[in-house]
Amino acid sequence: MTVTTPETVGETRGLPSLGPEGTRLLRLLDDTFEGWGVAAGARPMTMPPLLPAADLAKLDYYDNFPHQAVVATPLDLERRATTPFDTTAGRFPSDALEPAALGLPSASCYAVYLDHRGTRVADDTLVTVCSWCFRKETHYEGMRRQLGFRMREIVAIGSREHAETHLADFTARVRAFAAALDLPLRKEAACDPFFDKGSSKAVLQRLTPVKYEFLYEDLAIASVNTHRNFFGDRCDITLASTGGPAFTSCVAFGLERWLSALTRRYGDWEAATRAVLDAGANRAAGPVT
């Protein structure tokens, strides 16, 4: 009998589907990660799937991640009459579209920083969101590499100490959960170019990495990220206590990638789901000492 796993379900150009078993496991994982955030004091929020491209541009998104960027735009109803849908190529020609003013973000946290733009926040602010994210890739592969996917994030906004403690606490939670799952993960430094490559901040990033990934085999399924005061400056998010720019950090979980890792580890949906349940997600989400 062929076992249906995330690697074989409805894959089409980076947009695979999930059946009931995969949907159940995805929800179980998301509930687990959201529960960690809520237990730590995070406010659950829901963010829009699209963001103004102008706002993302102000965060240097299109300079730092042009290879991943995906934009959206309505049809130009006047020009569409002379440039109809190209059935051979399977797409609308660019002449039939309005200028692209909407962006599909590659991570959930961008919307959180934009939502807090121009606000004063407590030193220990936490937010958790789960959003659809989009990344153009050179190729797509099952649940490992997708055009559209879901990302649960727990975002810290506040003092430098708060942002750093957030990452330390959730690094411990991820490791405890992986140990309970008997899912061997390794933590490796990665690089996200939040800063100009030639700037002093970029040099500091190379000396003190701002992103660490947790990998199962060759697949990154979670990450912890610090942005220092980059988003605090760009979004004018200030601390109520001092008036200075807020520091930010986030913990991110690629939900479909967790599905891929767990089914590769356990062989099928049922065994992977049982492993998550047996791991005692509530215990793993409790205080880590």
Side-chain angles (χ1 to χ4, degrees), residues 13-15 45-76 79 89 91-119 127 129-140 145-153 155 157 189-206 209-213 220 223-237 245-252 254 256-257:
R13 300 185 65 179
L15 300 169
M45 298 186 70
T46 300
M47 295 298 169
L50 298 166
L51 295 172
D55 289 346
L56 288 171
K58 290 177 181 177
L59 302 179
D60 294 343
Y61 178 72
Y62 298 109
D63 293 328
N64 291 333
F65 304 102
H67 56 294
Q68 293 182 340
V70 181
V71 296
T73 183
L75 293 174
D76 186 314
R79 290 191 292 175
R91 63 193 178 195
F92 284 102
S94 58
D95 288 348
L97 306 176
E98 293 184 7
L102 294 170
L104 298 166
S106 61
S108 298
C109 60
Y110 287 107
V112 175
Y113 308 131
L114 291 170
D115 186 75
H116 285 76
R117 183 171 41 189
T119 64
V127 173
V129 295
C130 182
S131 301
W132 277 98
C133 298
F134 303 86
R135 294 180 184 176
K136 181 180 181 296
E137 302 276 11
T138 57
H139 69 281
Y140 301 107
R145 190 181 295 269
Q146 297 176 260
L147 173 59
F149 57 94
R150 278 151 289 202
M151 182 184 292
R152 165 64 64 179
E153 293 204 42
V155 181
I157 309 174
C191 181
D192 271 350
F194 282 108
F195 314 116
D196 294 335
K197 292 182 179 179
S199 70
S200 59
K201 289 183 177 179
V203 173
L204 179 61
Q205 176 179 337
R206 289 193 292 272
V210 300
K211 179 185 182 80
Y212 287 92
E213 294 177 331
S223 65
V224 290
N225 311 266
T226 179
H227 321 111
R228 303 190 177 91
N229 59 353
F230 178 84
F231 291 113
D233 278 336
R234 291 297 177 92
C235 295
D236 189 27
I237 307 171
F247 284 72
T248 65
S249 65
C250 66
V251 183
E256 284 87 352
R257 288 189 172 198

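The basis for the numbers below is simple: all heavy atoms, side chains too, and nothing from hydrogens, waters or symmetry mates.
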For this session: Assess whether side chain to side chain contact (heavy atoms under 4.5 Å, CB included) is satisfied between Leu75 and Leu97, documenting all intermediate values.
Result: CA-CA 4 Å; Leu75 293 174; Leu97 306 176; 3.7 Å; yes
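- Using a 4.5 Å heavy-atom cutoff, the side chains of Cys130 and Ser108 are not in contact.
- Minimum interatomic distance between Tyr62 and Leu56 (heavy atoms only, all atoms of both residues): OH-CD1, 3.4 Å.
- With hydrogens and angles ignored, the 3.5 Å screen pairs no side-chain donor or acceptor of Arg145 with any backbone N or O of Gly14.
- Looking at every heavy atom in both residues, Cys250 comes nearest to His227 through SG-CE1, 3.7 Å.
- Under the 3.5 Å distance criterion, the side-chain polar atoms of Thr226 are left unmatched by any main-chain donor or acceptor of Val210.
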For this session: Take Glu256 and Arg150 through the side chain to side chain contact (heavy atoms under 4.5 Å, CB included) test and state the conclusion after the steps.
Result: CA-CA 7 Å; Glu256 284 87 352; Arg150 278 151 289 202; 2.8 Å; yes
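- Looking only at distances, no side-chain donor or acceptor of Arg234 sits under 3.5 Å from a matching main-chain atom of Leu59.
- Smallest separation of non-hydrogen atoms from Gly232 and Pro245: C-CB, 4.2 Å.
- Without hydrogens or angle criteria, Arg135 side chain to Ser106 main chain gives a donor-acceptor distance under 3.5 Å.
- When all heavy atoms of Val129 and Met45 are compared, the pair lying nearest together is CG1-O, 3.4 Å.
- Within the structure, every pair that satisfies the salt bridge (Lys or Arg N to Asp or Glu O under 4.0 Å) test and touches residues 107-117, not counting sequence neighbours, is listed here: Asp55-Arg117.
- Counting heavy atoms from C-beta outward, Ile237 and Thr119 have side chains that approach closer than 4.5 Å.
- Ring geometry for Tyr110 versus Phe65: interplanar angle over 60°, hence perpendicular rather than tilted (30 to 60°).
- For the pair Leu104 and Leu50, the minimum side-chain heavy-atom distance is below 4.5 Å.
- Looking at heavy atoms from C-beta onward, Ile157 lies in side-chain contact with Val112 at the 4.5 angstrom threshold.
- Inter-residue side-chain proximity for Pro105 and Tyr61 is flagged as unmet; no heavy-atom pair is nearer than 4.5 Å.
- If you take CG on Asp76 and CG on Asp95, they are separated by 9.5 Å, rounding to the nearest 0.5 Å.
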